[in-house]
Amino acid sequence: MEQNALPDYLSALNETQRNAVYHTGRPLLILAGAGSGKTRVITTKIAYFIREKNVKPWSILAVTFTNKAAKEMASRAALIEPDSENSMIRTFHSFGAWFLRRNAEAAKLNSNFIIYDDDDVVSLLSSVIDKKKDELRLIAAYIARAKDRNIGPDSEELPIINHTKEFRAIYAKYEERMRQTGNVDFGDLIKKPIEILRQQPEIAERIQDRFSVIMVDEYQDANVAQFELLKKITSAGSYLCVVGDDDQSIYRFRGAEVQNILCFSDMFGGADIIKLEKNYRSTREILDLANSVVKNNKGRHGKKLEAVRGSGKLPCLYFLDNQEREAEVCADLIKTSIRQKETRYSDWAILYRTNAQSLGFENEFIHRKIPYRIVGSLKFYEREEIKDALALLSFMVNPKDEVSFRRVVNKPARGIGEITINKILKERWNEHDWDIEATLKKTASTFSAKARSGIETFLSAIKTGRSALEGGIKKMDNKTVLRFADGLSICVAQLIESSGIAAYHRDHDEVSGEQRIANLQELINSAVLYKCDNDGLLEFLEHIELDRTITQQNDSDDRVTLITLHNTKGLEYKCVIMTGLEQGLFPRTDKKDNDLEEERRLFYVGVTRAMNELYLTSCAVRRVWGQISFMEPSLFLREADMSCVKINGEIPHRFGAQKNIILNTDTFHSHIRYKTSSDGRWRIGDRVFNDDHGYGELCEIKETEDGPVIKVLFETGRSIKFLSKAQSKHYMKIKD
C-alpha cells in the first residue's frame with residue numbers, strides 16, 4: 001500500500017510496526033523492546049488479517065498471560081475491527097479450560113469440572129498424606145512446578161523438581177485422587193490438553209484446522225508446558241506470530257523459560273524476526289543507561305532502543321550513607337517537585353528488589369505527609385507476620401490485651417483452641433482480674449496436658465522477651481534464623497524466635513516463607529533505633545500505631561507508588577527512583593550465570609519504566625539480617641555507562657576508577673565531604689579495629705579548625721567520631 005492510501009489504523013504505525021503487521025507466511029518473532037508499542041502491533045495485526053486478508057475472526061487465536069492483558073487486547077482490537085470480537089483472545093489457562101470442556105470425554109472428565117485453587121490443592125493433599133499444612137503447601141508448590149514443565153509422576157525428569165522417592169509417590173497418589181474427584185488444578189489446564197493432543201491425532205487435527213492464525217503476547221513469559229501446547233496446536237498450514245522481549249524475561253522463578261524466545265527461530269523452522277526498537281516512553285538518556293547494562297547479557301538476541309521523544313534529564317545516581325538517608329532523599333525529591341508544581345504524587349514510583357524494603361519509605365512518607373500506595377503486597381504493618389509480631393509485643397507490655405492474646409496464644413498451634421481461650425477469658429472475668437497472664441498461671445492446671453504444655457510454651461516466650469528487654473539476654477542461638485544488632489532489636493528478635501512465630505512463617509511455604517522472614521527481620525532492624533527498655537518498647541509501638549492510623553486516613557488516588565521491580569512489568573511512571581543498588585541486595589551475591597542475567601534484565605525493566613526522570617540510590621551501609629553491613633555498589637552500576645549519569649554524593653572507593661563521570665554541582669550536601677583527611681592518615685572506606693568496639697569502616701571526614709574529625713561506623717551499629725591528631729592511635733587501620 002502507498003503511504004497516502006493507508007487506512008487510519010495502519011498509518012498510525014511506524015514503518016517497522018507496519019512490516020510486522022503485514023508479515024505472513026513463515027512463523028514470526030516480533031522482538032518488541034520496552035515502550036515500543038507491541039500491544040498496538042498485535043491488535044492491529046488481528047484487525048489486518050480480518051479486514052485485508054479475509055481471515056475468519058473465529059479462526060484467530062491470541063493468547064497472553066493475564067486476564068487484564070487479554071481484556072485490553074480484546075477491547076483495543078475491537079476498536080479497530082468490531083468483528084475481532086469473534087476471535088478467541090484468552091489467557092493460556094483460559095484457553096486450556098475451554099479446550100478441556102470441549103474435549104472432556106477424551107480427558108476422562110465431566111465437562112462441568114471444577115478448577116482447584118491453591119487452598120483446594122492443599123486440602124486434597126491432606127487426604128493423601130498426613131503432614132502439616134506448611135509441608136503440604138511446599139509439596140503443592142513442587143507439583144505445580146512439575147506441571148509447568150509438563151512433567152508427570154512417572155517421568156524420568158521429575159528429579160529436577162524434587163529427587164526424593166517420597167515426592168514421586170505423593171505426586172502419583174495426588175494425581176489418582178484428583179482423577180477420582182473429576183476435577184483439575186491450575187497446572188492441568190495446560191498439561192492435560194498436551195496429553196490429549198499428543199495421544200489423539202484426530203483432536204489435534206481438528207484444533208489445528210480451527211485456528212489458522214495463532215498469536216502469543218509476552219512470549220518471553222511462556223513456560224515449558226505452554227511452549228509444548230503451542231507446538232501441538234500449530235500446524236504447517238497455520239500462521240504463528242509471537243511477540244515478546246528477551247530483555248524483559250524476569251519470571252524464571254515462576255517457570256518462565258527465556259530459551260523459548262531465544263530459540264524460537266530454530267524451533268519453528270527458520271522463523272523471521274522483526275525488531276521493534278523505537279521507544280515511545282523514555283528519553284534518550286534513560287534508554288542509553290538501560291542499554292549499557294543489558295548488553296552485558298549473553299543470552300539475548302540483541303537490540304538497541306531508540307528514543308522517539310529525544311533527549312531529557314540525565315539520570316541521577318545518589319551515593320548515600322544508609323537506608324535512613326535513602327528514604328529522606330526520596331522524600332526530598334518528591335516534595336521539592338510537588339512544591340514547585342512540576343509533578344503530582346502519582347507521577348512518582350519507588351522501586352525496590354524485596355517487599356521488606358518498603359518499611360523505611362513508609363515510615364518516612366508518613367512523617368512527611370506524603371501519600372503512598374503499595375502495589376503487589378500489603379502495607380508493611382498489615383502483613384500477617386508483622387501483625388503477629390506486634391501482637392506478641394503488645395501482650396508482653398500489656399497482659400490485659402485480649403485482642404493480641406487471641407491472635408497469638410495458639411499460633412503456632414499449641415493445643416489451645418477457641419473453647420480453651422474462651423474459658424481462660426471467662427475465668428478472668430469471674431475473678432475480676434483483667435491480667436490474662438496471671439489468669440493463665442492460675443488456671444493452667446485445669447486444662448488438658450496438651451493445652452497446659454502450650455500455655456507453658458507461650459508464657460515462656462513472654463518471659464524470654466521480658467528478659468531480653470531487661471538486658472538479661474545479649475546473644476541468640478546459632479540455630480535461629482533472625483538476627484539483631486543493638487537497642488530494642490534484641491528484645492523483638494528474641495520474642496519472635498522464642499514464640500515460634502518465626503519458624504511458623506518460615507515454614508509457611510518455600511517462596512512466601514522466605515519473604516515473611518525478611519519482613520520480620522526488617523521489623524527487628526527498625527527497632528535498633530529505640531532503647532531496649534520498657535519506655536523504648538512503648539515508644540516503638542506508639543510510633544507504629546500512629547503510622548497505621550495516619551495511613552488509614554489517606555484514601556487519595558494521588559499517591560506515590562511503592563512497588564517491587566518484578567511488579568513493575570508493563571507499567572510506566574513519569575518519575576522513577578530505583579533504590580537499593582548494592583551487591584548482595586540487587587543483585588544477590590549468590591546469583592550466577594542464568595540467574596545473574598535475569599537480575600540484569602530486572603534492572604533493565606526497572607530503568608525502562610521511567611518516562612521523564614530516573615534516580616538511582618546506593619547505600620554505603622545497610623542493616624541486613626539484624627547486622628550493620630558495609631555495602632558495595634551494585635555490579636550493574638559498575639557496568640553502566642557513567643556518561644549517562646549525574647553523580648551525587650561521595651563516590652565509594654570500591655566503585656573503582658570510572659571514566660566520564662559527571663558530578664552534580666547542586667547543593668546535595670550542605671557540608672563539604674572529603675575523600676582523604678588533610679593529614680593524610682585516613683581515607684573514606686578504610687577498615688579499622690578498636691579494642692572497645694571491634695571492626696568498623698570509616699564513613700565520614702570533616703575538616704575543622706582542630707584538624708580532621710573522623711567518623712567510623714562499627715559492625716555493632718554504633719558510630720564513633722574522633723579527632724585524628726589526638727586519637728588516631730586508638731584505631732588500627734586494617735586490610736579488607
Side-chain angles (χ1 to χ4, degrees), residues 33-35 247 279 281-297 304-307 309-321 323 325-326 328-330 332-334 336-337 342-343 348-353 565 568 572-583 585-587 599-620 631-669 673 675 684-685:
D247 289 333
N279 176 283
R281 176 187 299 152
S282 308
T283 58
R284 180 181 300 121
E285 291 78 4
I286 291 170
L287 295 182
D288 285 348
L289 177 63
N291 289 329
S292 72
V293 173
V294 79
K295 72 180 184 181
N296 290 282
N297 271 359
K304 186 174 181 180
L305 296 181
E306 301 172 18
R309 295 179 55 206
S311 292
K313 291 183 179 181
L314 274 178
C316 291
L317 168 58
Y318 287 83
F319 286 117
L320 304 167
D321 292 341
Q323 63 213 73
R325 184 66 180 133
E326 180 180 54
E328 290 172 4
V329 167
C330 291
D332 287 343
L333 286 168
I334 295 167
T336 300
S337 182
E342 295 175 347
T343 59
W348 289 85
I350 309 288
L351 278 52
Y352 38 76
R353 183 66 180 80
L565 284 153
T568 62
E572 61 184 26
Y573 305 92
K574 290 182 179 178
C575 307
V576 166
I577 309 177
M578 279 181 66
T579 63
L581 282 160
E582 301 125 34
Q583 276 309 104
L585 185 58
F586 185 37
E599 291 277 296
R600 194 175 280 113
R601 292 193 291 269
L602 192 57
F603 176 89
Y604 172 87
V605 166
V607 169
T608 55
R609 299 311 93 194
M611 300 169 67
N612 301 336
E613 300 177 26
L614 174 66
Y615 304 88
L616 312 169
T617 67
S618 180
C619 296
M631 311 298 287
E632 294 184 26
S634 169
L635 165 67
F636 305 143
L637 293 179
R638 298 199 294 275
E639 293 176 342
D641 180 354
M642 284 294 108
S643 67
C644 304
V645 176
K646 182 186 290 185
I647 300 233
N648 297 265
E650 183 66 49
I651 301 173
H653 76 282
R654 287 197 182 101
F655 195 51
Q658 293 278 354
K659 296 181 179 179
N660 301 321
I661 288 178
I662 298 175
L663 292 174
N664 192 1
T665 56
D666 297 341
T667 55
F668 171 64
H669 289 294
R673 297 207 164 202
K675 189 177 293 186
I684 294 289

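All figures in this text were calculated on a predicted structure; none of them were measured in a lab.
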Can you measure from CE (Met578) to CG (Leu317) and round to the nearest 0.5 angstrom? 11.0 Å
For Thr343 against Cys575, the heavy-atom pair lying closest together: CG2-SG, 3.9 Å
Can you measure from CG (Leu581) to OH (Tyr352) and round to the nearest 0.5 angstrom? 14.5 Å
Looking only at atom types and distance, does a side-chain atom of Glu599 sit under 3.5 Å from a main-chain N or O of Phe586, one as donor and one as acceptor? no
Minimum heavy-atom separation for Leu289 to Ala640, with atom names? CD1-CB, 3.6 Å
Just by distance, with hydrogens left out, do Ser311 and Arg284 show a side-chain donor and acceptor under 3.5 Å apart? yes
Test your reading of the model: is there a side-chain donor-acceptor pair from Glu342 to the backbone of Ser337, 3.5 Å cut-off? no
Short question: side chain of Glu326, backbone of Leu320 - any donor-acceptor pair under 3.5 Å? no
Spacing of CE belonging to Met611 relative to CG belonging to Asn279, to within rounding of 0.5 Å: 10.0 Å
Which class fits the ring pair Trp348 and Tyr615: parallel under 30°, tilted 30 to 60°, perpendicular over 60°? parallel
Using modelled atom types only, decide if a donor and an acceptor are shared between the side chain of Thr336 and the backbone of Leu333 within a distance under 3.5 Å. no
Could you grab the distance from atom OG of Ser634 to atom CD of Glu582, nearest 0.5 Å is fine? 8.5 Å
Under 3.5 Å, is there a donor-acceptor pair between the side chain of Arg281 and the main chain of Ala34? no
Write down the atom of Asp247, the atom of Arg601, and the distance for their closest heavy-atom approach. O-CB, 3.3 Å
Which of Leu287, Asn291, Val294 passes side chain to side chain contact (heavy atoms under 4.5 Å, CB included) with Lys304? Answer is Asn291
Within-4.5 Å side-chain heavy-atom neighbours: Leu635 and Gln583: yes
Distance col, row Thr568:OG1 vs Arg609:CZ, nearest 0.5 angstrom, shows 5.5 Å
Any heavy-atom pair between the side chains of Glu285 and Leu614 that's under 4.5 Å? no
Distance in Å, Leu616 CG paired with Phe603 CZ, rounded so as to fall on 0.5 Å steps: 5.5 Å
Considering only heavy atoms from C-beta outward, does the side chain of Tyr604 approach that of Val293 to under 4.5 Å? no
Please answer whether the main-chain N or O of Pro633 pairs with a side-chain N or O of Arg638 as donor and acceptor at a distance below 3.5 Å. yes
Here the pair of heavy atoms bringing Cys644 nearest to Asp288 is SG-CB, 3.7 Å
Shortest non-hydrogen contact from Ala307 toward Ser282: CB-O, 3.6 Å
Considering non-hydrogen atoms only, spot the tightest contact between Leu305 and Gly33 and give its length. CD2-CA, 3.7 Å
Any heavy-atom pair between the side chains of Tyr318 and Arg325 that's under 4.5 Å? no
Counting N and O atoms only, with roles assigned by atom type, does the side chain of Thr579 sit under 3.5 Å from a partner on the main chain of Leu351, one being a donor and the other an acceptor? yes
